[in-house]
2 protein chains.
Amino acid sequence: MPGRPPSMLDLARRLGVSRATVSNALRGKGRLSPELAGRIRALAAELHYIPAHAGRALRTGRSATIGLIVPDFGQPLFPIFAQAIERAAKRRGFAVLVGDSLGTAEGQAAEIDNLIGRGIDALVIIPTRGTTVEAGSQPVPVAVIDSAATRGNTASSDHRDGGRQVAHHLADLGHRDVLLLAGPTDSKVARERTAGMVEVFTAAGVAPQVRHSTTSFEAGAEIGAAVDPAGFTACAAAYDALAIGFVTALTARGVRVPQDISVTGFDDLVWARIVSPPLTTVRQDLAAIADHALAVATGERQGSRLFPVDLVLRASTAKPRHKNQHLTGGAS
Amino acid sequence: MPGRPPSMLDLARRLGVSRATVSNALRGKGRLSPELAGRIRALAAELHYIPAHAGRALRTGRSATIGLIVPDFGQPLFPIFAQAIERAAKRRGFAVLVGDSLGTAEGQAAEIDNLIGRGIDALVIIPTRGTTVEAGSQPVPVAVIDSAATRGNTASSDHRDGGRQVAHHLADLGHRDVLLLAGPTDSKVARERTAGMVEVFTAAGVAPQVRHSTTSFEAGAEIGAAVDPAGFTACAAAYDALAIGFVTALTARGVRVPQDISVTGFDDLVWARIVSPPLTTVRQDLAAIADHALAVATGERQGSRLFPVDLVLRASTAKPRHKNQHLTGGAS
DNA sequence: CTGTTAGCGCTTTCAC
DNA sequence: GTGAAAGCGCTAACAG
C-alpha cells in the first residue's frame with residue numbers, strides 16, 4: 001500500500017507524459033490522441049486516482065461547494081428544505097457545507113463568516129427570524145430563501161397568496177368569526193401569510209382576532225387551552241405545528257374539530273396528514289424553490305422568483321356549526 | 001473595492017515583512033516580537049483578512065472538514081442526528097459536508113467517493129439499511145453510527161437494551177399476548193431492537209407474534225387496519241412512526257389505546273409527545289453518540305462505544321384489560 | 001497533438 | 001527574532 005494516494009504526477013511519470021497531458025485526458029479538454037487518452041484513463045481507474053480537490057480549488061479559485069445556512073435543523077420544515085437543496089446542488093455538481101444558525105442572528109453571522117472562509121462558491125441562506133441578508137454584502141453570490149418581502153436574489157413561496165387561499169376557503173365555508181394564529185411578529189414569512197389572510201377576510205367583512213406566538217406546537221397548545229371556543233368558528237394558523245398544538249389542546253377540552261371549530265395550518269408537514277383530523281394546510285413547492293436558489297447561486301439565473309403554493313383540503317375544515325343550524329332552521 | 005480578497009502576501013508587503021512572519025503572527029506559532037505580532041494582527045483585522053482555505057488545505061493535507069452521510073434526510077430522526085453531529089463537529093473546528101444516500105446502497109457508495117474526493121479528513125456515516133461500511137476500507141478515518149452489531153469504530157445506542165426495557169415494561173404490566181412490529185429485516189438496528197424484546201418476552205414465557213414491514217407511518221397504519229385486535233393486548237413497535245401509524249388505524253376502528261391495547265415505539269421523535277395518547281417510547285442520547293462519532297473520526301478516541309437508552313413512560317401503555325377485569329373479579 | 005512553465009496561497013524547514 | 005525558499009497538486013497559457 002502506498003502511503004499517500006496517487007497524484008497526477010505519479011500517473012504522468014508512469015506513462016512518460018506530462019502532468020498537463022494527464023489533466024487534459026482526464027477532463028476531455030485540450031486535443032490529444034484518443035489512444036493516449038484511453039491509456040491515461042485506464043491507468044487512472046486502475047490506480048483509483050482521485051483528483052485532489054484542494055489543488056484544483058487553489059488553482060481555479062472555485063471549490064464546487066455551496067454553503068447552506070438554516071435557522072434550526074431541529075424544526076421540521078428545514079431538513080426537508082435542506083434535502084431539496086442538496087439534490088439541486090448535486091445535480092449541478094456542487095457539494096453542500098451546512099451551517100446551523102442556532103436560531104440567532106449572531107449564530108447566523110458566524111456561520112456566514114465560517115463558510116465564506118472555507119471557500120464556498122456561493123451561499124444559500126434561509127434567514128433566521130428577524131434577520132435580513134443583503135445579497136451584495138458578501139464576497140460570494142447569495143441566494144435567499146424567504147418571503148417576497150426580502151430584497152435581492154430570493155426564491156420564495158407566495159406566502160401571501162397561501163394566506164389568501166386559506167382565508168377564501170374559510171370564508172366560502174361561511175366562517176365569520178375567525179381566530180388567526182399569526183406566529184412571531186418578527187418573521188417575514190409569518191407576516192406575509194397573515195397579511196394574505198387578513199386581506200381576504202377584511203374584504204369579506206370578517207375581522208379576525210389575531211394572536212401572536214412562537215411557531216411551536218406548545219405555543220399552539222397553550223392558546224388552545226386558554227381560548228374561549230365560543231368566540232369563533234374557525235382558526236387559521238400560520239404554521240402546521242401551531243395548528244396541531246391548537247387542535248390537540250382543543251380536543252382535550254372536548255371541543256370537536258371540525259364540527260365545532262375548523263382549523264388550518266401552513267407547510268404541509270408530514271404530520272399534517274397523520275394527525276386526527278388530517279389538517280387542511282398549504283403546501284410549498286420546495287423542489288422548485290431549491291432549484292431556483294441554486295440557479296441563482298451558480299449564476300445560471302438572476303433575480304427573485306415567487307412560487308405558487310397549493311391549498312390542500314383535508315378533514316379539519318367544514319362549514320360552521322352555527323351556519324348549519326341557521327340554514328336548517330331557515331329551511332324548516 | 002479590491003477585486004480579490006487580501007492574501008497573506010498583501011499583508012506582508014504592506015508591513016514590509018515576509019509571509020512567514022505574517023503566518024507566525026496570525027497563528028501564534030514561531031517566536032516574534034509581541035509588538036510586531038500585534039501590528040500584523042491589527043492590519044489583518046482591518047483588511048478583513050481571511051486565510052484561504054484551499055491554500056492551507058493543499059499545504060497541510062487536511063481540510064478541517066468531515067463528511068456526513070445519512071440514509072434519508074426526509075425521515076424524521078436523521079436531521080436531528082445531523083444537527084447533533086454538526087454541533088459536535090463545530091466544537092472541534094470542523095465543518096460538515098453532507099451527503100444523502102437516497103436510501104440506496106449505490107447512492108451511499110457514490111456519496112462516499114464524492115466526499116472523499118473532496119478532501120474530507122474523516123467520514124461519519126449512518127449506513128443505509130442493508131449496507132455495511134468497513135472502517136478500514138476508506139483512505140480516511142470512518143466512524144459508523146449504527147448498532148452494536150456493526151464492527152469497527154462505531155457509536156451506537158444500546159438498541160437491544162432498549163428492546164429489553166420495553167419488553168420488561170410491558171411484561172411487568174401483565175401483557176402476555178404481544179404483537180411485535182419489527183420493522184425491516186435488513187436493518188441491523190431493527191433486528192437489535194427486536195432481539196432485545198424477544199429475549200425478555202421469551203424469558204417471561206411470552207411468545208410474541210412478529211410482523212415485518214418498512215419503518216413508515218403508512219406501514220404501521222396498514223397493519224393496524226388489518227390486524228385482529230382481539231389477538232393481543234400490547235403492540236411493541238421498533239419505530240415511533242410505525243407505532244403512531246398503528247395507533248391511528250386502531251383508533252379509527254374504535255379500538256382504544258391504551259385501554260384495549262397498549263402501544264410502544266422507539267426513538268422519541270418530537271411527535272411521540274404530541275400524538276394522542278402520548279407514546280411510551282425509547283430515547284437515544286443523540287448528543288453523546290454524535291460526540292463519540294466525532295471523537296473517533298478526529299482520532300481523539302478509538303474503538304466502539306455503546307450508549308444507554310432511556311425508556312420514556314407516557315400514556316400509551318397500561319395494564320391489559322383482561323388482567324384488570326380478572327383482578328377486579330378476584331377482589332370482589 | 002503534446003510538453004514546458006508558472007503560479008494559485010499557504011506552511012514549514014532552515015539559514016541569517 | 002525574522003526572512004528566504006521550497007513545495008503541496010492542480011490547471012492555464014504558451015511553446016514546440
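If you're wondering where the values come from, they're calculated on a predicted model, not measured in any experiment. Computed from heavy atoms alone, side chains included, the values below leave out hydrogens, waters and symmetry copies. Each chain gets a letter, A, B and so on, in the order the sequences are listed, and its residues count up from 1.
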Donor-acceptor pairs under 3.5 Å, side chain of residues 12-19 of chain A to any protein atom, not counting sequence neighbours: which ones?
{"unit_1": "Ser18(A)", "atom_1": "OG", "unit_2": "Ala20(A)", "atom_2": "N", "d": "3.3"}
{"unit_1": "Ser18(A)", "atom_1": "OG", "unit_2": "Thr21(A)", "atom_2": "N", "d": "3.3"}
{"unit_1": "Ser18(A)", "atom_1": "OG", "unit_2": "Thr21(A)", "atom_2": "OG1", "d": "3.2"}

Next item on the list: Could you check whether Gly16(B) gets within reach of a base, just the sugar-phosphate, or nothing at all, counting any heavy atom under 4.0 Å?
Entry: sugar-phosphate

Check: Would a 4.5 Å heavy-atom cut-off, applied to side chains only, mark Arg191(A) and His159(A) as touching?
Finding: no

Notebook entry, point to check: What are the residues of residues 41-57 of chain A, sorted by number, that bring a heavy atom to within less than 4.0 Å of DNA chain D?
Noted result: Tyr49(A), Pro51(A), Ala52(A), Gly55(A), Arg56(A)

Next item on the list: By nearest nucleotide on DNA chain D, pick out whichever of Ser33(B) and Leu9(A) is the more 5' one.
Entry: Ser33(B)

Notebook entry, point to check: Between Arg129(B) and Gly103(B), is there a donor-acceptor pair closer than 3.5 Å when you use the side chain of the first and the backbone of the second?
Noted result: no

Checklist line | Flag side-chain contact, heavy atom, 4.5 Å: Leu26(B) against Arg41(B) | finding: yes

Note to self: Could you tell me the boundaries of the chain B footprint on DNA chain D, defined by atoms under 4.0 Å from its heavy atoms?
What the structure shows: dG1(D) to dG9(D)

Check: Side-chain contact, heavy-atom cut-off 4.5 Å: Pro127(B) with Thr132(B)?
Finding: no

Margin query: From CZ of Arg62(B) over to P of dT12(C), roughly how many Å is that when rounded to an integer?
Written below: 10 Å

Check: Is the number of heavy atoms from other residues, nucleotides or ligands under 6.0 Å of Arg62(A) CZ greater than 12?
Finding: no

Check: Asp291(B) pairs by salt bridge (charged side-chain N to carboxylate O under 4.0 Å, His left out) with which of Arg91(B), Arg305(B), Lys90(B)?
Finding: Arg91(B)

Next item on the list: Kindly state which residues belonging to residues 19-27 of chain B come within less than 4.0 angstrom of DNA chain C, counting heavy atoms of the residue only, listed by number.
Entry: Arg19(B), Ala20(B), Ser23(B), Arg27(B)

Checklist line | d(CG, Leu58(B); P, dG7(C)) in whole Å | finding: 17 Å

Margin query: Do Phe81(A) and Val70(A) have side chains that approach each other closer than 4.5 Å (heavy atoms only, starting at C-beta)?
Written below: no

Margin query: I'd like to check Phe307(B) versus His292(B) (side-chain heavy atoms, cut-off strictly below 4.5 Å). Are they in contact?
Written below: yes

Next item on the list: For the helix from dC1(C)-dG16(D) to dC16(C)-dG1(D), measure the angle between the helix axis at one end and the axis at the other, each built from five pairs, rounding to 10°.
Entry: 40°

Check: Counting any heavy atom closer than 4.0 Å, what does Leu32(B) reach on the DNA or RNA strands: base, sugar-phosphate only, or nothing?
Finding: sugar-phosphate

Checklist line | Residue pair Asp285(A) / Pro308(A), side-chain heavy-atom distance below 4.5 Å | finding: no

Check: Which one of Val140(B), Val142(B), Ile125(B), Ile120(B) satisfies the side-chain contact (heavy atoms from CB on, under 4.5 Å) criterion with Ile112(B)?
Finding: Ile125(B)

Item checked: Distance, nearest 0.5 Å, that separates CG of Leu115(B) from CG of Leu97(B) -> 6.0 Å

Next item on the list: Name all residues meeting the salt bridge (Lys or Arg N to Asp or Glu O under 4.0 Å) criterion together with Glu192(A); count only those two or more places apart in sequence or in a different chain, and write none if there are none.
Entry: Arg160(A)

